[in-house]
Structures are given as structure tokens and as C-alpha cells.
Q: 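I am attaching a structure below and will ask some questions about it afterwards.
In listed order, ligands and their atoms are each counted from 1. Quantities reported herein were computed from a predicted structural model and do not represent experimental measurements.
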Amino acid sequence: MEKIILTGDRPTGKLHLGHYVGSLKNRVELQNSGEYDKIYVMIADAQAITDNIDNLEKIRQNVIEVALDYLSCGIDPKKTIIFLQSQIPELCELTFYYMDLVTVSRLQRNPTVKNEIKLRNFEKSLPVGFFTYPISQAADITAFNANCVPVGEDQLPMLEQAREIVRSFNTKFDEVLVEPQALLPKNQACARLPGLDGKNKMSKSLGNCIYLSDSPEEIKKKVMSMYTDENHIKIEDPGRVKNNVVFTYLDVFCKDEHFVKYLPEYKNLDKLKAHYKKGGLGDVKIKRFLNDILQEELRPIREKRLKLQDNIEEVYKILSKGSKKAKIVAEETLKRVKEAMKINYFDDEELIERQKERFSK
Ligand code: TRP
């Protein structure tokens with residue numbers, strides 16, 4: 001069986017370091033592994049509208065920001081189809097039919113949607129489109145026959161919903177749809193990179209992010225402001241490594257080579273941690289070290305982004321080409337869905353023949 005990946009992001013903000021270690025880096029690895037026959041990465045602008053109908057300008061701007069982030073991280077349009085959800089009307093048509101396979105109470109039980117409704121204060125005025133987005137997400141996945149969906153844990157209920165729709169459709173009609181599997185991030189530390197404050201996941205609304213498009217100065221300022229250990233006041237004080245944002249990031253980004261290059265008095269991260277715990281190692285030193293590492297990691301991404309920013313028309317062209325390719329595949333799936341449901345009236349010669357007979361009697 002072909003191995004097909006589909007994944008995507010809502011374009012509600014620029015992508016940050018949390019997206020990078022939690023998903024983008026992994027997507028680039030999957031793309032370059034040569035193990036997949038087709039890879040689709042979708043900018044889910046239509047889904048973003050479901051809770052942003054009064055902020056369309058925000059979505060419009062972030063479509064291009066997310067495209068720039070994808071391309072500068074190494075998602076390669078020669079290997080991966082990058083497309084815009086709103087340009088594939090077939091997804092709406094599939095959603096419309098899938099809606100008849102799902103009950104309201106089933107949607108109400110979806111823990112991710114439940115949580116998101118609370119976060120957005122939607123309890124009293126819930127847009128129908130937002131409530132039903134898990135169904136539209138099943139359309140996104142099945143339209144492209146994707147069997148692998150790399151997502152974070154919060155998206156597992158969406159995958160489960162999609163699988164149920166697939167099984168229900170295939171049982172009622174014909175084995176047309178492919179059942180998808182989630183592909184979770186391997187590394188737990190990467191899956192939940194904390195924000196600069198150390199209290200929460202990196203999130204735009206909390207203002208605790210390092211963005212892929214940040215300048216070297218912004219990165220440095222943010223690293224120097226990171227939460228460490230409130231009891232580590234004097235350099236001699238013993239320090240805590242757990243829940244210390246600087247060390248959490250070092251766990252994710254630091255390699256032994258970095259010590260040779262930037263901090264040769266330590267051999268590896270264990271040695272650095274041991275000194276910090278014992279006392280005598282100041283926060284400024286570990287922050288400078290982390291800054292050096294992050295600058296090294298983000299420099300090539302930023303440089304690529306700056307080049308692409310000089311060529312925005314080209315970026316729109318990439319999205320347009322990708323959307324055309326994606327549309328062809330979605331059209332094919334929709335055709336098979338309608339055939340299976342026998343609502344392809346004009347192509348169904350047997351149906352026309354039968355009706356002819358019925359009325360001639
Ligand atoms: N819900 C995803 C997010 O919040 C975006 C998305 C839309 C998606 N459709 C998808 C992800 C299909 C994976 C598969 O970012």
C-alpha cells in the first residue's frame with residue numbers, strides 16, 4: 001500500500017520554536033526519508049476561519065507567514081505538496097456528506113473541541129462551523145487517501161473521529177476511504193516545549209514564544225529573560241535543573257559538539273547540570289550558551305526566510321501550484337465517494353436504464 005502523509009496548521013500566527021521542534025523538523029525528516037510516496041502539507045485557512053470570522057485579515061496575513069515558515073525550515077515543494085485548504089472546494093462537499101455519518105452528541109464528546117470551546121468562551125455562542133470542524137478535518141485527511149497523519153497529542157480525538165467516519169462510510173457504501181493513523185512525535189520533550197515563562201506551552205496568545213522569524217537580537221533578549229529557578233539568586237546557590245526552561249531547551253537542542261565550540265570547560269550537558277545543581281554556576285552563563293546554540297540553529301532558517309521574503313510572488317505561486325495538484329486528487333476521491341453513494345446520477349447508465357424501464361411499464 002502507498003504511504004501517504006497529510007498534515008497541516010491553522011494560519012493564525014507565525015510559527016515558533018515549539019512548532020519547529022514539535023512538528024516542522026519532523027516533517028522535514030519524513031519528507032527527506034524517502035519512505036513516503038506522497039506528502040501533503042495543508043495550510044488550514046478554512047478551518048482557521050471557523051473561530052476567526054471577524055479576523056479574516058489576520059488569517060490572510062498568516063497564510064503567507066506560515067508558507068514562509070514551511071519553506072524556510074526545509075519543506076521542499078518538489079517533494080511535498082503545500083496547499084491552501086480554501087482552494088479545494090471538494091473538501092466542503094465531502095464534509096457535507098460526512099456530516100450525515102456523525103451525531104451531535106458524538107461531536108460534543110470530543111475532548112479537544114470541548115476544551116477549545118471553553119478557551120474561546122464559545123459556550124453560549126458556538127459557531128456551527130467550529131463545532132463541526134472535526135468532520136471537515138476528516139475530509140482533509142480522506143480526500144488525499146492519507147494513512148499517516150503526523151500530529152500532536154491534542155489532535156488524537158480528530159483522528160479517532162476521522163477513523164469512525166471512514167469505517168461508517170465504508171460499511172454503509174463501499175471500501176472507498178482509507179483509515180488514517182496518527183504519527184505522534186517520538187520525543188516527549190519536543191512535543192511540549194515550554195514557553196519562556198516555563199508555566200505553559202509556547203503559545204502566541206501568552207506572548208512566551210521565540211518565532212522562527214525573530215531577529216538575532218530578539219532571540220538573545222528572549223533567552224536572557226527565560227525562567228530558570230527563582231531560588232537560584234546568588235551564583236553560589238545550588239540550582240534546580242528540573243522545570244528550568246534553559247535546561248529544558250538545552251535537553252532538546254544541545255549536542256556535545258556545542259560544548260567544544262561554545263563552552264569547552266564542560267564536556268557535556270550532564271557535567272553542566274551537575275555544576276548548576278551543586279552551585280557556583282550563574283544563569284547568565286547558561287543563557288549565553290543556549291543563545292549561541294539557538295542562534296546557530298535558527299540562522300539558516302532566518303536567512304532562507306529573508307530571501308523568500310524578497311520573492312513573495314514566487315511563494316504564492318508555490319501555493320497555487322500545490323493547490324492545483326491537491327485539487328486533482330480531491331476531485332478523484334469525491335468522484336469515488338459519490339459513485340459509492342450512487343449520487344453520480346448522470347454517469348450511472350444502469351440507473352437511467354432502470355428508471356426508463358420503470359416508467360415505461
Ligand atoms: N487542526 C489542525 C491544527 O489545529 C490543522 C488541521 C486541519 C489538520 N486539518 C488537518 C491537521 C488535517 C492534520 C490533518 O493545527
Q: Enumerate the atoms of ligand 1 whose separation from the nearest heavy atom of A44 is less than 4.0 angstrom.
A: 7 (C)
Q: Give the atom numbers and elements of ligand 1 that come within less than 4.0 Å of a heavy atom of M42.
A: 7 (C), 9 (N), 10 (C)
Q: Can D69 and Y20 be counted as having a side-chain donor-acceptor contact under 3.5 angstrom?
A: no
Q: For E160, which of R109, R167, R106 qualifies under salt bridge (charged side-chain N to carboxylate O under 4.0 Å, His left out)?
A: R167
Q: Please could you name the atoms of ligand 1 that V149 approaches to less than 4.0 Å, counting only its heavy atoms?
A: 13 (C), 14 (C)
Q: Would you please classify the geometry between the F169 ring and the Y98 ring as parallel, tilted or perpendicular, with 30° and 60° separating the classes?
A: perpendicular
Q: Under 6.0 Å from the ring centre and within 45 degrees of the ring axis: does the NZ or CZ of K14 meet both conditions for the six-membered ring of Y211?
A: yes
Q: Kindly confirm or rule out an N or O of Q137 lying under 3.5 angstrom from an N or O of ligand 1.
A: yes
Q: I'd like to know if Q85 contacts ligand 1, where contact means a heavy-atom distance under 4.0 Å to any ligand atom.
A: no
Q: So is Y133 polar-close to ligand 1, meaning N/O to N/O under 3.5 Å?
A: no
Q: What I want to check is whether the side chains of D292 and H258 have a donor and an acceptor closer together than 3.5 Å.
A: no
Q: Starting from atom 1 (N) of ligand 1, locate the nearest protein heavy atom and write down its residue, its atom name and how far away it is, to 0.1 Å.
A: Q47 OE1, 2.8 Å
Q: Please examine the side chains of I210 and M226, heavy atoms only from C-beta on, and report whether any two atoms are closer than 4.5 Å.
A: yes
Q: For ligand 1, which is the ligand I care about here, please tell me if D9 has any N or O atom under 3.5 Å from one of the ligand's N or O atoms.
A: no
Q: Kindly confirm or rule out a cation-pi arrangement of R240 over F247, judged by NZ or CZ under 6.0 Å from the six-membered ring centre and within 45° of its axis?
A: no
Q: Just to confirm my output: which protein heavy-atom neighbour is closest to atom 4 (O) of ligand 1, and how far is it?
A: R10 NE, 3.4 Å
Q: To the nearest 0.1 Å, how far is atom 9 (N) of ligand 1 from its closest protein heavy atom, and which atom is that?
A: D140 OD2, 2.8 Å
Q: Quiz question: by atom type and distance under 3.5 Å, do the side chains of K335 and N344 form a donor-acceptor pair?
A: no
Q: Any atoms of ligand 1 less than 4.0 Å from a non-hydrogen atom of L6? List them with their elements.
A: 12 (C), 14 (C)
